[in-house]
2 protein chains.
Amino acid sequence: MARSVEFNEEQAIQKAMEVFWEKGYNSASLRDLTDAMKINSSSLYNTIGDKQELFVRCVQHYTDLRKQDIQKRLKSSDSPFTILVDYIHDAVDVIIKGNGCMAVKMAFEVANADQRVKDILKADSDYAYQFLHDLIKNAMDRGEIATKEDPELLADYFNSTWTGWYESYILHHDAGKIRKMAQYFIKQLSK
Amino acid sequence: MARSVEFNEEQAIQKAMEVFWEKGYNSASLRDLTDAMKINSSSLYNTIGDKQELFVRCVQHYTDLRKQDIQKRLKSSDSPFTILVDYIHDAVDVIIKGNGCMAVKMAFEVANADQRVKDILKADSDYAYQFLHDLIKNAMDRGEIATKEDPELLADYFNSTWTGWYESYILHHDAGKIRKMAQYFIKQLSK
DNA sequence: TTATTTCTGAAACGTTTGTTTTAAAAAAGC
DNA sequence: GCTTTTTTAAAACAAACGTTTCAGAAATAA
């Protein structure tokens, strides 16, 4: 009957996500966003909705990518402990590269003011928790990890620990610091 | 010669700080701020300066309060380990009370975009680091802490760890989780 | 081709933003 | 009490904000 949407929605969301990621929700203007997305604001409002709706979609997109990353790791034939250590090292690399984690940033900037965003971030956190928990438990059963601590606790502990590494890197830009803390965390697990 | 300033500047800064703390830098409007400070914007611009300047003063004020808190703790006659454990428990209480830490929030929202703020937050982080480092070192010398880890590493580690507890509480509102992680951290130190 | 529908681009919308101006009120020194 | 200086309150400021309107272009189906 009529014309169909011209722009690629997923690509546009990806671009908007990058803007929000860098600037945060409040200081990313609609001009910043539509410029990056290369669409007119009328197209945005016709298809996706307003700024809040766009933001929710971006946060969802970000956590979808994280979920895919975890699912890929789960397909690996490496031992649970190896998968865990790789995951930690990759988390360190993300921090040191300077992008940091969008989910962490938004948890502090907007989660308290937007329930939908909080729910998405909570689900993301729960998913990462489950991933870590299962890995730690399996590694214990195989004897790769010697600690007698609850896997529940250890999973929570790492899930929150690396947020602090991110803050440390923002303030001090000291990659060595982050690497040493990661190394210490792994050592605590092993013994 | 002439009239003197009518409002109490420190009280006004305190009020502005509370607004920034709750809303963040970008979503706190000048109306929000001057309403809380109970002054007219012309008075603000005549004495303190623009929004950025006010914000810097608020962040500085916040870190001054933290410094005073640490100095009070240092005057205690308790053992280093006791001071350390009390500090950790109080950090947990701050998180659970729901205010969280303004320094952490602002590190994620504005530190990358404002060098002056970043410098203040870095100095604050360095001060807390030194406090923790000295306590840990003294506790080791007295045999209150058994671990052989570097006090430098442990101080960094805690300084960043509790940031993650804060994020965890934002997303999950689970006080038990935070208490267990703190308990685990203390146990790791002790043995 | 024509009719119909929907998308697009540019402009305009009313608000809200941070900031400045203006005129009057208030304090201090002579 | 008068003069001088500075603070104050209220209003006004331009710029930027998120959002909507509107006319025309584009695509589909008949």
Side-chain angles (χ1 to χ4, degrees), chain A residues 1-61 106 109-111 113-117, chain B residues 1-61 106 109-111 113-117:
Chain A
M1 279 205 182
R3 219 175 149 179
S4 48
V5 180
E6 215 169 61
F7 68 98
N8 179 320
E9 197 165 304
E10 202 193 318
Q11 276 174 25
I13 294 282
Q14 171 75 28
K15 287 293 176 190
M17 184 192 78
E18 290 165 12
V19 174
F20 280 130
W21 192 343
E22 192 207 324
K23 301 205 166 195
Y25 177 76
N26 284 293
S27 76
S29 75
L30 246 116
R31 265 83 173 176
D32 292 336
L33 293 161
T34 49
D35 284 357
M37 298 166 84
K38 282 174 187 153
I39 61 169
N40 190 277
S41 59
S42 70
S43 299
L44 173 63
Y45 278 79
N46 266 339
T47 52
I48 294 165
D50 63 12
K51 190 186 178 188
Q52 284 233 79
E53 191 64 38
L54 173 63
F55 181 66
V56 168
R57 296 277 295 273
C58 288
V59 174
Q60 185 68 63
H61 179 62
M106 297 314 166
E109 191 190 338
V110 303
D114 187 326
Q115 188 61 43
R116 292 168 70 197
V117 171
Chain B
M1 278 208 187
R3 212 174 154 182
S4 46
V5 180
E6 215 170 61
F7 68 95
N8 180 320
E9 196 165 306
E10 202 193 319
Q11 276 174 24
I13 294 281
Q14 170 74 29
K15 286 293 177 191
M17 185 191 77
E18 291 166 11
V19 174
F20 279 131
W21 193 343
E22 193 207 325
K23 301 204 165 196
Y25 176 77
N26 284 293
S27 77
S29 76
L30 245 116
R31 266 83 175 174
D32 293 335
L33 293 162
T34 49
D35 283 356
M37 299 166 84
K38 283 174 185 154
I39 61 171
N40 191 277
S41 60
S42 67
S43 299
L44 173 64
Y45 278 80
N46 267 340
T47 52
I48 294 166
D50 63 11
K51 190 187 177 187
Q52 283 234 79
E53 191 65 38
L54 173 63
F55 181 65
V56 168
R57 295 277 294 275
C58 289
V59 174
Q60 184 69 63
H61 178 63
M106 297 314 166
E109 190 190 339
V110 303
D114 187 326
Q115 188 61 43
R116 291 168 70 199
V117 171

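Chain letters run A, B, ... following the sequence lines, proteins first, then strands; residues in each count from 1.
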Might you work through the side chain to side chain donor-acceptor pair (under 3.5 Å) test for Gln14(B) and Glu10(B), ending with a clear yes or no? CA-CA 6 Å; Gln14(B) 170 74 29; Glu10(B) 202 193 319; over 6 Å; no

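Residues of residues 39-55 of chain B that place a heavy atom closer than 4.0 Å to DNA chain D, in numerical order, are Asn40(B), Ser42(B), Ser43(B), Asn46(B).
For the pair Lys38(A) NZ and dC7(C) P, the interatomic distance rounds to 22 Å; values are reported in whole Å. Rounded to whole angstrom, the span from the CG atom of Asp35(B) across to the C1' atom of dA9(D) amounts to 14 Å. Note: CG (Leu33(B)) to C1' (dT16(C)) measures 14 Å, nearest angstrom. Going from atom CG of Leu30(B) over to atom P of dT20(C) covers 11 Å, rounded to whole Å. At whole-Å resolution of the value, CG in Asn26(A) and P in dT17(C) are 11 Å apart. Atom CD of Glu9(A) is separated from atom P of dT6(C) by 17 Å (rounded to the nearest Å). Per the geometry, CZ belonging to Arg31(A) stands 13 Å off P belonging to dA10(C), to the nearest Å. Atom CG in Asn8(A) sits about 16 Å away from atom C1' in dC7(C), given to the nearest Å.
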Side chains of residues 36-46 of chain A: which donor-acceptor partners sit under 3.5 Å, not counting sequence neighbours?
| residue | atom | partner | partner atom | Å |
| --- | --- | --- | --- | --- |
| Asn40(A) | OD1 | Ser42(A) | N | 2.9 |
| Asn40(A) | OD1 | Ser42(A) | OG | 3.2 |

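Shown here is Lys51(A), whose NZ atom has more than 12 heavy atoms of other residues, nucleotides or ligands within 6.0 Å. With a 6.0 Å radius and a threshold of 12 heavy atoms from other residues, nucleotides or ligands, Gln60(A) has its CD atom above the threshold.
The pair Glu109(B)-Lys23(B) does not meet the salt-bridge criterion, since no charged nitrogen lies less than 4.0 angstrom from a carboxylate oxygen.
The aromatic rings of Phe20(B) and Phe55(B) stand perpendicular to each other, their planes meeting at an angle above 60°, with 30° marking the opposite boundary.
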